[in-house]
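Counting starts at 1 for both ligands and their atoms, in listed order. Computed over heavy atoms, backbone and side chain alike; hydrogens, waters and symmetry mates excluded.
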Amino acid sequence: MGDTPPAANGLNDRLLRSWLRCRRKAWLDLHADPDLRQWTAHRNLQLDAQQRCFSALLGEPPGHGEQACQRGDLGVVGLRLKGRGADGSALEAHPPLLMRVKGQSRWGAFAYQPVLARQGRRLTREHQIPLALMADLLGQEQQSPVTAMLVVGAGPRRLERHRVGYSSGLRRQLGEALRKLSLDLERSTPPVLAADRRKCSLCCWRQLCGRQASKDGHLSEVSGIGAKRREMLHELGIQGLNDLAQADPEQLALQMERFGDQHGEAARSLVAQARVQRDGRPERLDPTSALPELEAAPGVLLYDIESDPDVRHDFLHGFVLLPRRADGRWDPEAARYHPLLVLRKHDEALGWRRLHKLLCAYPSWPVLHYGETESLALRRLAQRQGLPEPQRAQISTRLIDVHARVRRHWRLPLSSYGLKSVASWRGFRWSQAGADGARALLWWRQWQGDGPQRRRRSQTLRWIFQYNRDDCLATWAVADWLSRQDPDGVGGG
Ligand code: SF4
């Protein structure tokens with residue numbers, strides 16, 4: 001069930017999938033130095049999810065290759081399909097799974113259809129067009145046209161199945177995509193960076209492209225500029241970060257208003273952000289204390305959640321308990337990590353009791369977290385578990401979103417205000433190189449195996465704890481910096 005390697009002569013499903021994600025990615029897959037690729041947990045998560053979906057779909061191990069097709073096995077993997085496009089060009093595909101359906105083929109009184117496992121909740125062109133390529137080539141191989149394909153995905157409760165009919169519209173889209181892909185691959189230089197750079201975080205070329213973007217002063221490097229704003233700025237003749245930093249904010253606001261009032265309002269802060277990034281100097285936006293709650297706090301709870309979004313399960317609520325010494329200085333030496341693991345979704349009540357007990361044990365300690373996820377999850381959890389409103393309100397007042405405080409009080413010389421970016425800028429280093437939320441999720445899935453009896457890989461659980469603890473400490477690195485910037489800063493320790 002692996003990837004098809006890049007085509008030596010001709011196009012394949014892997015290049016097509018890359019191209020549908022980002023035109024530049026397909027070009028890099030084929031032409032760039034493979035040593036510059038970065039490992040990403042995303043692909044492994046995809047394979048893991050695929051494995052689970054296919055097991056649930058088939059209920060038996062699939063057969064392998066041509067022989068399995070001749071036997072008429074229910075599921076078949078490992079069949080490499082080769083054929084010709086409408087224009088006679090060589091095409092290749094390696095379907096992750098073929099499933100037997102009613103029909104007639106050269107193998108007997110049955111036929112096959114290609115199956116894909118989707119990640120995420122929506123069915124997109126990235127699923128449908130590669131499936132169409134597989135359907136075309138499978139039709140040639142089995143000598144019987146494929147009229148429908150199958151996409152499966154893990155739902156919150158059970159496997160979800162979507163039938164995708166092979167319509168003439170889809171056939172046209174496939175032909176068009178292959179034609180454009182072929183033209184892109186013949187270029188001597190790579191296509192431009194993806195318009196929506198958010199997708200880069202999952203891509204194996206992110207480092208290479210990130211370097212290119214900052215070298216070129218690409219507009220997407222300015223925090224607050226997505227694909228749409230970038231297009232507007234291009235239309236106004238602003239091509240890069242330096243152009244934006246040099247723009248007159250009032251004039252730009254007037255020009256951008258024609259795209260909508262909100263864009264006019266954003267123009268001034270975009271220019272200011274570009275200037276801060278160009279000059280590499282942070283700018284204070286609000287002179288009041290960013291974290292007044294820390295001034296008299298006897299300690300803080302640093303809080304970070306790890307989740308499995310596919311099944312909407314927060315499997316780890318991690319806390320670092322950071323006390324303060326009698327002389328008012330924070331005491332990192334005495335900090336303790338306290339992980340609360342919620343093994344299964346339906347263990348939530350037990351998890352909540354332990355979590356509530358911890359919060360009650362330190363009633364006057366603020367709870368610091370980075371981003372909205374933790375406060376939303378905790379408040380919803382408390383509500384689901386029937387905590388009375390006055391107590392819920394009390395917990396809410398203790399929750400402090402450090403990210404929101406950063407945004408309100410500072411403009412930073414960074415292209416992102418995410419925890420990794422801001423804490424790294426403050427000099428914080430994660431103890432496990434390359435760890436991120438996706439990798440933690442992969443470790444969690446590996447640790448879980450196929451069920452409670454198979455949980456053997458305790459090492460991966462330790463890695464998750466370490467990563468989660470580091471995220472809590474990174475939150476502190478940012479909060480501590482914020483506090484120290486106040487005239488009578490409460491940092492130190
Ligand atoms: S890192 Fe971004 S721009 Fe570069 S290939 Fe990947 S998705 Fe495209």
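Judged purely by distance below 3.5 Å, without hydrogens or angles, the side chains of Gln246 and Asn242 never pair a donor atom with an acceptor atom. Inspection of the Asp29 and Trp205 side chains reveals an N or O donor paired with an N or O acceptor under 3.5 Å. In this model, a donor atom of one side chain and an acceptor atom of the other lie less than 3.5 Å apart for Arg43 and Gln46. Side-chain contact, Trp19 with Asp184: a donor N or O sits under 3.5 Å from an acceptor N or O.
For residues 23-47, the ring pair (Phe, Tyr, Trp, His ring centres under 6.0 Å) pairs, not counting sequence neighbours, are Trp27-His31.
Under a cutoff of 6.0 Å and an axis angle of 45°, Arg407 and Tyr417 form a cation-pi pair.
Of all protein atoms, those that are N, O or S and lie under 2.8 Å from atom 4 (Fe) of ligand 1 total 1.
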